[in-house]
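Okay, structure first, notes after.
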Amino acid sequence: DGGITQSPKYLFRKEGQNVTLSCEQNLNHDAMYWYRQDPGQGLRLIYYSQIVNDFQKGDIAEGYSVSREKKESFPLTVTSAQKNPTAFYLCAVGRQSDTQYFGPGTRLTVL
Amino acid sequence: EDKVVQSPLSLVVHEGDTVTLNCSYEVTNFRSLLWYKQEKKAPTFLFMLTSSGIEKKSGRLSSILDKKELFSILNITATQTGDSAIYLCAVEEYGNKLVFGAGTILRVKS
C-alpha cells in the first residue's frame, strides 16, 4: 500500500483460461514478490524477483509465470495448469535490510 | 523444511483483556522475524525483530524475540475492537525471502 497498486481487485475466471494479475510500484524498490493466501493458511511464496530481468521460483510456482521487464512492474499470470487457483493474491516489494510492504491484493475466483 | 508455527490459531477476548500471540520457527538462514496485522486486505507491518531479548513497543503492542528457543511473542494490552484482525508472523531468510506462519485470528468483543 502507499505506492503499490494491484489490479483488478476482484477477478473471475472460467476454468481453462489464463489470467494476468498486475502489480505496480513507485517506491523504487528492487525486489518484488508474489504470494498466495488461502483460508486458514499463511502466505505462500509463488515467485520473486530481486532485480529487473531476473526472477526465481518460490515454494508453489507450478501453474504460474511472471516477468520483470521493468523495475516498477511484476505481473503474475495464472495459467490453466494451476489446479486450484481460487485464492487471494498479494504482491509485495522490499529491499535489503528492510521489511516487505504489501499491495492491496487481488481476489481471484474460478467459476 | 523451513517452518513457522503460530498459536493459537484463533482467539476471542473481551475489550480490555491482554492477549499473547506465539510464533515458533525453524529456518535455515534466519535473518529477522516480522509481525504483520491483516484486516481486510494487505498485511500491514508491525515489528521487525533481529536481536534476542530486546522488546519492541508501539502503543499497546509489544514483541520480543528469543533466538535461543526460536520463538517470538506479540502482546496486546487493553485490547480494543479495532485490534480484531489476523496477526501474521514471518521469518526472513537471507535473500529476503519470507516464510509465513498460518496466522492467529483475533476477535475482540465489545
Side-chain angles (χ1 to χ4, degrees), chain A residues 1-11 21 23-25 27 29-51 54-61 74 87-108, chain B residues 1-11 21-51 56 58 63 65 72 74 85-106:
Chain A
D1 209 352
I4 308 168
T5 57
Q6 290 188 241
S7 61
K9 187 174 179 181
Y10 298 97
L11 185 58
L21 283 58
C23 178
E24 304 279 331
Q25 56 117 349
L27 300 174
H29 284 10
D30 287 314
M32 297 185 75
Y33 308 81
W34 274 105
Y35 294 91
R36 169 186 173 134
Q37 187 175 31
D38 295 279
Q41 297 193 42
L43 280 65
R44 292 183 290 167
L45 183 64
I46 304 173
Y47 267 98
Y48 63 105
S49 169
Q50 305 273 29
I51 198 168
D54 188 43
F55 50 82
Q56 286 78 40
K57 292 182 178 180
D59 300 316
I60 54 165
F74 190 41
F88 187 50
Y89 290 87
L90 285 160
C91 175
V93 304
R95 55 187 173 196
Q96 291 285 347
S97 303
D98 196 2
T99 187
Q100 291 182 19
Y101 298 94
F102 288 85
T106 292
R107 190 166 297 279
L108 172 64
Chain B
E1 184 182 326
D2 295 340
K3 63 179 179 180
V4 176
V5 178
Q6 292 186 245
S7 64
L9 290 180
S10 66
L11 189 57
L21 310 183
N22 304 293
C23 177
S24 64
Y25 62 91
E26 293 177 30
V27 298
T28 307
N29 296 304
F30 178 90
R31 183 170 181 172
S32 66
L33 185 142
L34 299 100
W35 284 97
Y36 289 87
K37 177 183 181 182
Q38 185 179 25
E39 295 177 85
K40 294 204 187 288
K41 296 187 292 186
T44 54
F45 171 74
L46 294 175
F47 297 111
M48 175 187 275
L49 303 159
T50 55
S51 302
K56 293 215 170 179
S58 177
S63 184
L65 173 68
S72 173
L74 175 69
I86 301 172
Y87 290 84
L88 296 167
C89 172
V91 172
E92 182 190 14
E93 299 181 290
Y94 281 93
N96 293 95
K97 287 179 62 179
L98 292 182
V99 180
F100 280 85
T104 293
I105 302 171
L106 174 64

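Just so it is clear, the model here is predicted, and its values are computed rather than measured.
- Taking each heavy atom of A:Q100 and B:Y36 in turn, the nearest pair found is O-OH, 2.9 Å.
- Rounding to the nearest 0.5 Å gives a distance of 4.5 Å between NZ of A:K9 and NZ of B:K41.
- Between A:L43 and B:F100, the shortest heavy-atom distance links the atoms O-CB, 3.4 Å.
- With chain A as the partner, the residue from B:S10, B:G103, B:P43, B:S32 showing the most heavy-atom pairs under 4.5 Å is B:P43.
- When heavy atoms are compared at a cutoff of 4.5 Å, B:Q38 approaches chain A solely by way of its side chain, counted from C-beta outward.
- Residue A:Q41 places its CD atom among more than 12 non-hydrogen atoms of other residues, nucleotides or ligands, all under 6.0 Å distant.
- There is no contact between A:Q6 and chain B, counting heavy-atom distances below 4.5 Å.
- In this structure B:D2 satisfies the side-chain hydrogen bond (donor to acceptor under 3.5 Å, both in side chains) test together with B:T28, sequence neighbours excluded.
- Proximity to chain A (any heavy atom under 4.5 Å) is shown, for B:L98, by both the backbone and the side chain.
- The minimum heavy-atom distance between A:G103 and B:A42, with the atom names listed, is O-CB, 2.7 Å.
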